[in-house]
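Here's the structure, in structure tokens; my notes come after.
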There are 2 protein chains.
Amino acid sequence: MADVAREAGVSASTVSRVFSLPGTVRTDTRERVLAVARRLDFTPNRTASSLARGRTRTLGLLVPDVVNPYYAEIVKTVQRRTRAKDHALFLADTGDDPADGFELARIMARQTDGLLLAGPRMTDGMVGELTRAGPVALIGARLPETDSAYAQLDTGMRHVARHLAALGHTRIVYVNGTRTARTPGHRQPVQDACDEFGIELVEQLGPFDLTFDNGVAAADLVPTSGATAVIAHNEMVAHGVACGLARQGRSVPSDFSLVTVDDTFMARAIHPALTALHIPLDVMGVRGVDLLLQRIEDPDGEPRHAALPTSLVVRGSTGRPGGARP
Amino acid sequence: MADVAREAGVSASTVSRVFSLPGTVRTDTRERVLAVARRLDFTPNRTASSLARGRTRTLGLLVPDVVNPYYAEIVKTVQRRTRAKDHALFLADTGDDPADGFELARIMARQTDGLLLAGPRMTDGMVGELTRAGPVALIGARLPETDSAYAQLDTGMRHVARHLAALGHTRIVYVNGTRTARTPGHRQPVQDACDEFGIELVEQLGPFDLTFDNGVAAADLVPTSGATAVIAHNEMVAHGVACGLARQGRSVPSDFSLVTVDDTFMARAIHPALTALHIPLDVMGVRGVDLLLQRIEDPDGEPRHAALPTSLVVRGSTGRPGGARP
DNA sequence: GCAACCCTTGCATGCGCTTGCAAAGCGGGT
DNA sequence: ACCCGCTTTGCAAGCGCATGCAAGGGTTGC
């Protein structure tokens with residue numbers, strides 16, 4: 001920077017201002033400085049800038065599992081939005097352990113301007129603590145004190161129930177996990193939606209987590225349940241159910257209809273393609289980043305929440321019970 | 001840090017040394033400083049440290065598409081290894097455009113100690129330029145001048161060909177993309193392996209890229225090719241082929257056998273599960289990080305290359321031609 | 001008992017940029 | 001012609017930590 005200043009015949013502060021506050025420098029000086037900078041291939045050192053300003057222009061994103069397409073899509077959109085806002089992105093994959101996630105978050109909080117937690121696997125108390133310690137925004141989860149962007153599952157589940165009811169299903173199983181079963185925000189909407197459309201609901205708790213393998217296990221219990229349709233709480237478990245049913249020689253949708261919550265590219269990557277409740281992950285990511293950036297600007301504002309609409313995408317995995325023609 | 005120094009009755013430099021060069025501080029002083037630091041909840045400011053040392057302790061990872069499980073697995077393993085080595089990870093999703101990828105890489109290079117390029121979508125010349133500009137390591141690609149960790153596809157393809165030949169296949173189609181078709185490192189091994197086992201090879205070039213949709217399109221051409229088995233160049237396209245065949249009402253493996261190169265969780269998430277040439281992505285990620293870290297330590301050493309062994313995982317998608325019993 | 005060393009510690013300076021403050025330049029209104 | 005206010009620029013003091021150098025204390029060997 002000193003070199004550029006000398007070559008351009010100005011002081012270092014002017015060079016600095018050309019890059020950080022271009023408006024305060026007269027146009028011709030600015031041009032001259034920029035020309036020299038280009039010639040000398042100079043770019044301001046971001047580390048030094050961070051130190052001087054106390055801002056890193058870096059955001060941190062924590063996800064439980066990048067390999068899961070649900071989170072991968074979030075990573076993708078968050079990463080893009082972050083870059084569009086001229087920030088860099090630290091990524092951490094936390095796994096399922098709450099303590100690990102919390103620890104990682106704390107470490108990351110020290111090196112970033114703010115944290116984005118996607119589907120955090122930690123206790124509400126931990127999230128609260130992080131929120132008090134620095135800017136935090138949630139993606140795909142909601143807590144009163146923390147900014148968040150999440151999907152409106154209640155109306156979404158009504159779409160699903162209406163669709164199944166219209167096809168003639170009167171008894172369905174809902175494949176859930178023990179974790180989400182305890183957070184009523186996810187389970188209650190299903191119950192309410194089924195009640196509204198006169199559907200009998202059989203809740204099938206996966207043994208622990210909503211993984212592919214547990215979906216396969218759940219599929220084994222479906223035929224004896226007396227239900228004709230299955231709603232899977234997320235897409236990994238939905239694929240497990242689909243795969244499990246196929247292995248049993250059952251056919252979708254003629255033996256059982258299957259609906260998944262979440263709609264990543266994988267829903268279309270099997271045959272029949274899965275009818276899905278589309279969660280707007282891209283919008284959630286963008287809103288999450290924006291909320292976080294606002295929070296960084298104004299640390300003491302009221303918590304803000306973005307509830308995003310879902311939509312039902314009907315594909316080949318749902319049909320009339322027993323494969324009947326309409 | 002000044003506070004800690006005062007409380008502990010030492011100078012700031014000693015506190016600094018406790019954290020950065022613990023060996024040079026007497027044990028009891030160190031303990032005392034650490035105790036105070038813990039009490040005051042002090043951790044060294046990483047930005048300041050970076051500025052003073054000229055090292056950010058941050059690595060950058062560029063992938064073309066995080067949503068693709070192949071790259072997601074790489075992200076996961078790289079992220080874990082990076083953290084284990086006490087570094088942070090910047091992530092960028094570059095998309096398929098070479099110029100974008102290069103530009104992003106240059107930006108990232110300025111804020112990190114080194115760059116990891118996974119399946120780079122840029123020209124060899126661009127990679128060379130980056131390599132000359134700073135530490136770079138390749139994952140899943142090989143270039144003479146750049147450190148790299150990649151899979152030994154030649155022996156891998158021989159495993160695949162031997163497997164198919166043993167089942168009785170004599171004519172197979174290889175679904176490739178126009179891009180990889182031009183990089184002999186990927187195509188030639190297939191040809192060689194088929195030659196060795198007396199298999200006739202029909203090369204089926206996807207119209208452009210190795211995506212799911214192009215796999216579906218490729219599947220339409222398989223039945224008329226006279227082949228009884230398909231090798232897909234990567235897993236996305238393999239799923240497309242599987243899905244396309246299913247939509248045609250063809251059955252795998254009784255009508256056609258299908259083998260995929262790459263073996264992510266998705267290979268087991270469909271029925272029948274895909275026989276796959278397993279690429280050790282986890283090891284590749286770890287080796288990539290390690291190579292990069294070594295390169296950072298020793299910028300002028302000879303380029304190093306890690307060729308990792310693949311393995312064939314036989315699952316349900318391969319069988320005898322025409323579904324014959326052995 | 002003394003010299004030669006090593007281990008610890010503190011001092012001072014520097015990493016490269018930002019920014020409050022003040023000075024200089026400029027134009028306009030009276 | 002003079003004063004005021006605005007714009008543009010420079011000066012200097014940090015931001016928080018790392019580290020070369022030197023000093024002090026302790027140890028070892030002869």
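Sequence lines set the chain letters: A, B, ... in the order given, protein chains first and strands last, and positions in each chain run from 1. Quick caveat: nothing in here was measured; it's all calculated off a predicted structure.
- The backbone N or O of A:Thr211 sits nowhere less than 3.5 Å from a side-chain atom of A:Asp209 that would complete a donor-acceptor pair.
- In this structure, the nucleotide among D:dA18, C:dC17, C:dG10 sitting nearest to the side chain of B:Ser49 is D:dA18.
- When each of D:dG10, D:dC17, C:dT18 is scored by its nearest atom to the side-chain atoms of A:Met1, the top-ranked nucleotide is C:dT18.
- Formation of a donor-acceptor pair under 3.5 Å by the B:Arg57 side chain with backbone atoms of B:Asp86 is found in this model.
- For the pair B:Arg46 CZ and D:dC15 C1', the computed distance is 18 Å after rounding to whole Å.
- Along DNA chain C, the nucleotide nearest to A:Thr14 and the one nearest to A:Arg26 differ in position, and the one closer to the 5' end is contacted by A:Thr14.
- Although no hydrogens or angles enter the test, the distance criterion places a donor-acceptor pair under 3.5 Å between the side chain of B:Arg110 and the main chain of A:Thr43.
- Between the P atom of C:dC17 and the CZ atom of A:Arg57 lies a distance of 16 Å, rounded to the nearest Å.
- When rounded to the nearest whole Å, the span between CZ of B:Arg55 and C1' of D:dT19 equals 15 Å.
- Taking only side-chain nitrogens and oxygens, A:Ser16 comes nearer than 4.0 Å to OP1 or OP2 of C:dT18.
- Note: B:Phe90 and A:Phe90 have parallel aromatic rings, judged against thresholds of 30 and 60 degrees for the angle between ring planes.
- Rounded to whole Å, atom P of C:dT8 lies 14 Å from atom CD of B:Glu31.
- Distances from the side chain of B:Asn45 to the nucleotides C:dC17, C:dT9, D:dC17 place D:dC17 closest.
- Scanning atom types as modelled, one donor and one acceptor separated by under 3.5 angstrom connect the side chain of A:Arg17 and the base of D:dG10.
- If you check D:dG14, D:dA18, C:dT9 against the side chain of B:Thr29, the one that comes closest is C:dT9.
- Counting to the nearest Å, the P atom of C:dT8 and the CG atom of B:Asp28 are 10 Å from each other.
- Closest-nucleotide positions on DNA chain D for B:Ala2 and A:Thr27 were compared, and the one nearer the 5' end corresponds to A:Thr27.
- Distance B:Leu51 CG to D:dC17 C1': 8 Å, rounded to the nearest Å.
- Nearest nucleotide to the side chain of B:Val10, out of C:dG14, C:dT18, C:dG10: C:dG10.
- Contact of B:Ser13 with C:dC11 (side chain to base): a donor-acceptor pair of N or O atoms is detected under 3.5 Å.
- Projected onto DNA chain C by closest heavy-atom contact, A:Leu21 and B:Thr24 fall at different nucleotides, the more 5' of which corresponds to B:Thr24.
- At the heavy-atom level, B:Val15 lies nowhere under 4.0 Å from the strands shown.
- At distances below 3.5 Å, not a single donor-acceptor pair connects side-chain atoms of B:Thr58 with backbone N or O atoms of B:Leu89.
- One can place CZ of B:Arg30 at 13 Å from C1' of C:dC7, the figure rounded to the nearest angstrom.
- Across the protein-nucleic acid pair, B:Arg110 atom CZ and C:dG16 atom P stand 11 Å apart, rounded to whole Å.
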